[in-house]
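Encoded as structure tokens, the structure appears first; notes follow it.
These values consider heavy atoms only, across backbone and side chains, with no hydrogens, waters or symmetry-generated copies.
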Amino acid sequence: MFFIYNIITYIVQFVLQIVALFNKKISLFIKGRKESFSILKDKINPNDKVFWIHVASLGEYEQGLPIMEKLKEKFPTHKIVLTFFSPSGYEVKKNNAIADATIYLPMDTNKNAKHFLQLVHPEKIFFVKYEYWPNYLNQIKKHKIPTYLVSGILRPDQVFFKSYGSFYRKALDAFTYFFVQNQISRDLLNSIGKENVSIVGDTRFDRVSQILEKDNQLTFLDDFTNDKTVDTIVIGSSWPEDEKLIATYINSHKENNVKYIFAPHNIKKEQIDNLVNALNVPTVLHSQHTNSDLKNTKVYIIDTYSLLTKAYSYATIAYIGGGFGSGIHNILEAATYGVPVIIGPNYKKFQEAKDLISLGGCIVIKNQEELDANFDRLLKNKAKCKELGAINNDFILRNKNATDKIIQHIF
């Protein structure tokens, strides 16, 4: 089975090199990996003590960050190697301050896995949430390196739990311990003979619970919201499908005293231009906001990265994008501010969303009519707005401390 897997991996690698000629994201995926080993040679010395943390993308980085911070605090002389699979995570966080080396994970070939472990020689390894690469895991197992899955989520439809999944089940033997988010994940691992597992929750709760302790003020948004005295809907990580619905709402509610802050997931010029053109109200881009009349502007579009977390502090209501596409983005950053959260219908893979929906702090909409009705209802009923927000904030506080549980168990 390893032979077939490796053949497929090389075929995929070849095909991606062709696709990269026409696709910018895939181009980053390919070019970035060509630099990975040279970065490691430059940043990591043979005598260094190293922790390796692997994340898929931006969301998993946020889950891994509390772990990295604790490791730095507890072992200040150790180095951290952080690997990403996706360009959407790496390109945003490649200059982070926590890791000593941040790179794309080289493709999962046996040769790459051997070379990577030789250069990094990690003392311990942390895989965040998911990402199971058989060649890497096979080499990790051979080297007997303590390896942990943190904030793990497993589902019955994954290959590990299928009759034909023995190859992938065997790869899980590399993990020393599984720290999972829920009972379902624990039961699934138990069902395939894995007893080295504990339910500790999601480390992102630790990350977002710290947000309120920071300075979240943005002077331009103070001006835009008249020092938070105007009802404001913050639309985070939006996709075109989300933006179409919300633009329709905004255009049909021009006279209400409400403002809107968009932070699109993709800040390509074409998508930003499409959003601006869809709006029939005064709109300003963050990149052009200087000297703008922000108090008389209806929509503020953040066409840059790294401001969304602070922008949520200005929200009366938060809408989180992705639910009309491949899946919702992080709802916890908004929830920690104690505001109602609204999402689209594709949320089933996200435990925190399911939990908040059952509690009532998160509302699912399936179409324009439901979006309009819920925006109107919450804007008119401030008591209900506060009630739902309190549910969300309390949920965050009750679920933190996963990081401490993991670190205490390992060390």
Does any N or O in the side chain of Lys141 come within less than 3.5 Å of the main-chain N or O of Lys170, such that one atom is a donor and the other an acceptor?
no
Does the ring of Phe85 carry Arg33 above it, NZ/CZ under 6.0 angstrom from centre and within 45° of its axis?
yes
Determine whether a donor-acceptor pair (N or O, by modelled atom type, separation under 3.5 Å) exists between the side chain of Asn196 and the backbone of Thr176.
yes
For Asp157 and Lys162: C-alpha separation, side-chain torsions, deciding distance, then whether salt bridge (charged side-chain N to carboxylate O under 4.0 Å, His left out) applies.
CA-CA 8 Å; Asp157 60 350; Lys162 304 295 184 181; over 6 Å; no
With a 4.5 Å limit on heavy-atom distance, are the side chains of Ile343 and Phe350 in contact?
no
Would you tell me whether Ser88 and Ser57 have side-chain atoms, one donor and one acceptor, within less than 3.5 Å of each other?
yes
Short side-chain donor-acceptor distance under 3.5 Å, Asn374 and Glu370:
no
Closest non-hydrogen atoms of Ile302 and Pro264, given as atom of the first, atom of the second and distance, are O-CD, 3.5 Å
Honestly, is Lys93 close enough over Phe84, meaning NZ or CZ under 6.0 Å from the six-membered ring centre and within 45° of the axis?
no
For Asn257, I'd like to know if atom CG has over 12 heavy atoms of other residues, nucleotides or ligands within 6.0 Å.
no
Between Glu387 and Lys384, is the salt bridge (charged side-chain N to carboxylate O under 4.0 Å, His left out) condition met? List the steps.
CA-CA 5 Å; Glu387 177 189 335; Lys384 189 66 176 178; 3.6 Å; yes
Is the closest side-chain donor-acceptor distance between Asp303 and Ser287 under 3.5 Å?
yes
For Val339 and Asn392, work out which heavy atoms get closest and say how close.
O-ND2, 2.8 Å
Keeping Asn45 on the side-chain end and Asn47 on the backbone end, is there a donor-acceptor pair under 3.5 Å?
no
May I ask you to decide if Lys295's main-chain N or O and Asp223's side chain share a donor-acceptor pair within less than 3.5 Å?
no
Decide, yes or no, whether a salt bridge links Arg398 with Asp394 under the criterion of side-chain N to carboxylate O below 4.0 Å.
yes
Indicate whether any N or O donor in one side chain lies under 3.5 Å from an N or O acceptor in the other, for Tyr5 and Asp108.
yes
Would a distance-only check, ignoring hydrogens and angles, find a side-chain to backbone donor-acceptor pair under 3.5 Å from Thr336 to Glu333?
no
Looking at Leu245, is its backbone amide N or carbonyl O close enough to the side chain of Gln368 to form a donor-acceptor pair, meaning the two atoms are under 3.5 Å apart?
yes
Main-chain N/O of Phe175 paired to Thr147 side chain as donor or acceptor, under 3.5 Å:
no
Report the relative orientation of the aromatic rings in Phe220 and His289; use parallel for angles under 30°, tilted for 30 to 60°, perpendicular for over 60°.
tilted
Angle between ring planes, Phe375 versus Tyr319, binned at 30° and 60°: parallel, tilted or perpendicular?
perpendicular
Around Gln183, counting heavy atoms of other residues, nucleotides and ligands shown, do more than 12 lie under 6.0 Å from its CD?
yes
Side chains of Glu123 and Val50: closer than 4.5 Å at any heavy-atom pair?
no
Run the numbers on Ser185 and Asn182 for side-chain hydrogen bond (donor to acceptor under 3.5 Å, both in side chains), then give the verdict.
CA-CA 6 Å; Ser185 297; Asn182 57 23; 2.7 Å; yes
Asn256 and Lys298: side-chain donor and acceptor closer than 3.5 Å?
yes
Do Tyr177 and Phe179 have their ring centres less than 6.0 Å from each other?
yes
Of all heavy-atom pairs linking Pro122 and Ile145, the shortest is O-CG2, 3.5 Å
According to the interplanar angle, ranging from 0 to 90°, do the rings of His329 and Trp239 count as parallel (below 30°), tilted (30 to 60°) or perpendicular (above 60°)?
parallel
Using ring-ring contact (aromatic ring centres under 6.0 Å, His included) as the criterion, list what pairs up with Phe160, not counting sequence neighbours.
Tyr132
Looking only at heavy atoms, the pair that brings Thr283 and Val281 closest together is OG1-O, 2.9 Å
Walk me through whether Tyr337 and Asn216 qualify under side-chain contact (heavy atoms from CB on, under 4.5 Å).
CA-CA 11 Å; Tyr337 286 107; Asn216 295 300; 3.2 Å; yes
Parallel, tilted or perpendicular: which describes the rings of Tyr90 and Tyr104, with under 30° parallel and over 60° perpendicular?
tilted
Between Glu62 and Arg207, does any NZ, NE, NH1 or NH2 come within less than 4.0 Å of an OD or OE carboxylate oxygen?
yes
Name each donor-acceptor pair under 3.5 Å that joins a side chain in residues 403-411 to protein atoms two or more places apart or in another chain, with its distance.
from   : atom 1 : to     : atom 2 : distance (Å)
Thr403 : OG1    : Asp206 : OD2    : 2.6
Asp404 : OD1    : Lys70  : NZ     : 3.1

Would the Phe205 and Phe395 ring centres measure less than 6.0 Å apart?
yes
Parallel, tilted or perpendicular: rings of His253 and Tyr249 (30°, 60°)
parallel
Kindly give the heavy-atom pair with the smallest separation between Leu189 and Phe161, and that separation in Å.
N-CE2, 4.3 Å
